[in-house]
Amino acid sequence: DDKVTFYEAVGGEETFTRLVRRFYEGVATDPVLRPMYPEEDLGPAEERLRLFLVQYWGGPRTYSERRGHPRLRMRHFPFRIGGEERDRWLAHMRAAIDDLALPPEAERMMWDYMVHAAHSMVNVPEET
Ligand code: HEM
């Protein structure tokens with residue numbers, strides 16, 4: 001099977017490393033999101049998000065080797081994620097995706113996925 005995965009098409013590991021690095025630069029300065037992260041060092045969280053996204057888009061399955069089934073909604077239950085948290089998460093992700101300067105179609109696919117995933121992670125009743 002010589003189908004090129006989305007992961008490969010957008011530049012492989014390097015692209016996802018840049019994406020999550022930029023994303024966590026935003027989280028690090030966010031007064032609402034930063035306190036939600038249990039660890040002082042954001043590095044391990046950055047690594048987990050990177051490995052998850054790499055796997056999701058067709059790259060190596062290291063995430064599941066290390067963490068098992070993603071079950072992301074369940075793993076986010078300890079954190080209060082409402083509309084504001086979701087929108088801040090998405091704003092940092094938007095900036096990180098913009099920085100990649102991907103071809104429009106790839107950019108749109110990645111963004112649509114992030115929007116959908118972030119909405120599905122909300123676990124408190126929506127205020128708005
Ligand atoms: C973990 C917040 C959405 C993927 C975490 C953690 C926090 C958090 C505080 C714990 C840090 C850690 O120890 O890894 C949020 C907030 C979101 C959000 C506020 C707003 C909607 C998402 C979305 C995805 C995602 C949309 C996927 C596209 C992950 C992954 C982990 C994680 C893969 C690590 C899970 C593990 O293996 O333990 N998130 N998250 N998150 N998040 Fe999110």
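The chain is numbered in sequence order, starting from 1. Counting starts at 1 for both ligands and their atoms, following the listed order.
Protein heavy atom in closest approach to atom 38 (O) of ligand 1: R67 NH2, 2.6 Å. Protein heavy atom nearest atom 28 (C) of ligand 1, with residue, atom name and distance: Y113 OH, 3.6 Å. The nearest heavy-atom contact from the protein to atom 34 (C) of ligand 1 is R48 CB, 3.8 Å.
Residues satisfying the salt bridge (charged side-chain N to carboxylate O under 4.0 Å, His left out) test with R48, not counting sequence neighbours, are E39.
The tally of protein N/O/S atoms under 2.8 Å from atom 43 (Fe) of ligand 1 stands at 1.
We find that E107 and R94 are joined by a salt bridge, their nearest charged nitrogen and carboxylate oxygen being less than 4.0 Å apart.
Here the side chains of L53 and M114 are in contact, with some heavy-atom distance below 4.5 Å. Residues H92 and L33 meet the side-chain proximity criterion, which asks for heavy atoms closer than 4.5 Å. For the pair H76/S120, no side-chain contact is recorded, criterion being any heavy-atom separation below 4.5 Å from C-beta on.
Separating the CZ atom in R71 from the CZ atom in F77 is a distance of 11.5 Å, to the nearest 0.5 Å.
Shown in contact with A117 at under 4.0 Å from a heavy atom are these atoms of ligand 1, numbered in order with element: 26 (C), 28 (C).
Between Y24 and Y37, the angle of the ring planes goes over 60°, which puts this pair in the perpendicular group of the 30/60° scheme.
Of the candidates F52, Y37, Y63, Y63 brings a heavy atom nearest to atom 36 (C) of ligand 1.
The ring of F16 has its center closer than 6.0 angstrom to the ring center of Y7.
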